[in-house]
Amino acid sequence: MQPIPAGFFQADAVSLARRLIGAELYVEGVGGRIVETEAYRADDPASHSFRGPSPRNRAMFGPVGHVYVYRSYGLHWCLNIVCDGASGGSAVLLRALEPLAGLEAMAARRGLDDPRRLCAGPGRLTQALGIDGTHDAMPIDAPPFAVVPASGTHRVEHGPRIGITKAVDEPWRFCLAGSAFLSRPLRRAPD
DNA sequence: CGTTAGATCTCCT
DNA sequence: GGAGATCTAACGT
């Protein structure tokens with residue numbers, strides 16, 4: 001696996017969210033292709049960082065290229081990559097993977113074996129890869145994590161984010177066009 | 001197909 | 001006290 005280019009994560013959340021589509025993510029060799037992301041900017045009312053640092057979100061104000069892992073609705077974990085470190089508070093949420101390696105480990109952790117449902121959603125993705133709060137603030141370009149940049153050509157579509165109640169119209173959800181591994185179909189803007 | 005309730009963490013008012 | 005970047009099972013159509 002080739003290393004991540006220097007400065008890969010040194011970008012604003014929206015451009016990194018787009019660039020991560022088609023890249024690959026592995027944890028202890030288990031993972032696959034990133035097919036769905038969402039951008040959360042520092043000045044974004046929907047972002048956990050909007051009201052400043054707290055014990056939970058402190059990783060969002062730490063080094064670029066580290067992860068922010070938080071507990072969602074009391075029982076799920078969600079994985080973000082911190083970016084745009086100048087002022088802090090900006091990150092990309094990883095929402096879905098196309099499983100490529102370690103399918104058996106994922107199935108065991110998830111309690112099901114349908115590849116389409118193993119990593120189709122932020123909580124499912126972390127469960128399948130064995131990610132929890134112990135990973136919070138770790139660098140994503142070092143073990144147990146590994147990221148491989150996208151290669152070749154592919155089409156990226158974007159639309160509104162999911163599950164939020166603020167800034168609902170910002171089209172900062174990015175998906176690999178035609179992927180069968182999304183958490184939900186993309187709601188496209190009318191022509 | 002669709003909608004709903006319940007799991008119970010972290011932060012804000 | 002209540003909302004939230006979620007998911008699952010259960011139930012109605």
Side-chain angles (χ1 to χ4, degrees), chain A residues 9 11-21 25 27 32 34-62 64 66-84 88-99 106-138 140 156-176 179-187:
Chain A
F9 300 106
D12 69 273
V14 172
S15 59
L16 180 62
R18 177 183 287 276
R19 190 186 312 158
L20 282 172
I21 297 298
L25 169 69
V27 181
I34 299 169
V35 298
E36 180 178 342
T37 62
E38 284 179 359
Y40 287 88
R41 295 167 42 122
D43 61 351
D44 176 0
S47 174
H48 287 176
S49 63
F50 186 64
R51 296 178 187 274
S54 73
R56 177 175 67 161
N57 70 15
R58 78 195 190 302
M60 287 189 85
F61 296 89
V64 168
H66 289 221
V67 301
Y68 165 45
V69 180
Y70 72 93
R71 201 188 277 282
S72 172
Y73 291 93
L75 66 160
H76 305 290
W77 296 99
C78 292
L79 173 67
N80 298 254
I81 301 178
V82 178
C83 58
D84 197 22
S90 181
V92 175
L93 172 68
L94 302 186
R95 291 192 51 93
L97 296 185
E98 173 183 344
M106 293 187 197
R109 290 172 178 143
R110 294 270 299 118
L112 51 81
D113 55 14
D114 178 359
R116 290 188 177 221
R117 301 192 62 200
L118 284 177
C119 302
R124 294 166 171 174
L125 183 159
T126 55
Q127 185 182 24
L129 270 55
I131 296 169
D132 61 26
T134 64
H135 296 94
D136 187 39
M138 290 177 58
I140 202 164
V156 178
E157 297 179 322
H158 62 101
R161 295 175 289 183
I162 290 181
I164 56 173
T165 56
K166 296 164 187 163
V168 294
D169 291 329
E170 298 290 2
W172 292 340
R173 178 185 179 215
F174 295 88
C175 299
L176 181 63
S179 174
F181 300 90
L182 303 179
S183 65
R184 299 193 47 182
L186 185 71
R187 190 181 110 218

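This one's a predicted model, so the numbers in the text were calculated from it and none came from an experiment. Just the heavy atoms: all of them, side chains too, but no hydrogens, waters or symmetry mates, feed the values below. Proteins get letters first, then strands, A, B, ... in listed order; numbering begins at 1 in each.
Among the atoms of the strands shown, base atoms are found under 4.0 Å from some heavy atom of A:Leu93. The residue A:Thr165 sits close only to the backbone: its heavy atoms come under 4.0 Å of sugar-phosphate atoms, none of a base. Nucleic acid contact class of A:Arg184 (heavy atoms, under 4.0 Å, all strands): none.
For the P atoms, the distance linking B:dA5 with C:dT13 amounts to 15 Å, nearest Å.
Across the interface with DNA chain C, nearest-nucleotide mapping of A:Lys166 and A:Leu112 shows A:Lys166 to be the residue nearer the 5′ end.
For the residue pair A:Glu36/A:Ser183, the side-chain donor-acceptor check at 3.5 Å is satisfied. Using a 3.5 Å distance cut-off with no hydrogens or angles, the side chains of A:Arg110 and A:Gln127 do pair a donor with an acceptor.
In this structure a side-chain-to-backbone donor-acceptor pair under 3.5 Å is present from A:Asn57 to A:Gly52. In terms of modelled atom types and a separation under 3.5 Å, the side chain of A:Asp113 and the main chain of A:Ala107 share no donor-acceptor contact.
Proximity of residues 46-56 of chain A to DNA chain B (heavy atom under 4.0 angstrom from any strand atom) is restricted to A:Arg51, A:Ser54, A:Pro55, A:Arg56.
Counting 5' to 3', DNA chain C first comes under 4.0 angstrom of a heavy atom of chain A and last does so at the ends given by C:dG4 to C:dT8.
Counting heavy atoms from C-beta on, the side chains of A:Leu25 and A:Leu79 come closer than 4.5 Å. With a 4.5 Å cut-off on side-chain heavy atoms, A:Leu97 and A:Leu129 count as touching.
Straight-line distance from the CD atom of A:Gln127 to the P atom of B:dA7: 18 Å, rounded to whole Å. In this structure, A:Asn57 places its CG atom 7 Å from P of B:dC11, rounding to the nearest Å.
Of all heavy-atom pairs spanning A:Cys83 and A:Asp12, the tightest one is SG-C, 4.1 Å. Contact between A:Met60 and A:Ser47 at its shortest, heavy atoms only, is CE-OG, 3.6 Å. The two atoms that bring A:Arg116 and A:Ala120 nearest to each other are O-CB, 3.3 Å, heavy atoms only.
Ion pairing between A:Asp43 and A:Arg41 holds under the 4.0 Å rule for side-chain N and carboxylate O.
The CZ atom of A:Arg173 sits 6.0 Å away from the CG atom of A:Leu182 when rounded to the nearest 0.5 Å.
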(message) Pairs counted only when both distances fall under 3.5 Å, Watson-Crick or G-U: show me the 5' to 3' dot-bracket for DNA chain B, [ ] for pseudoknotted crossings and | for other-strand partners.
(response) |||||||.||||.
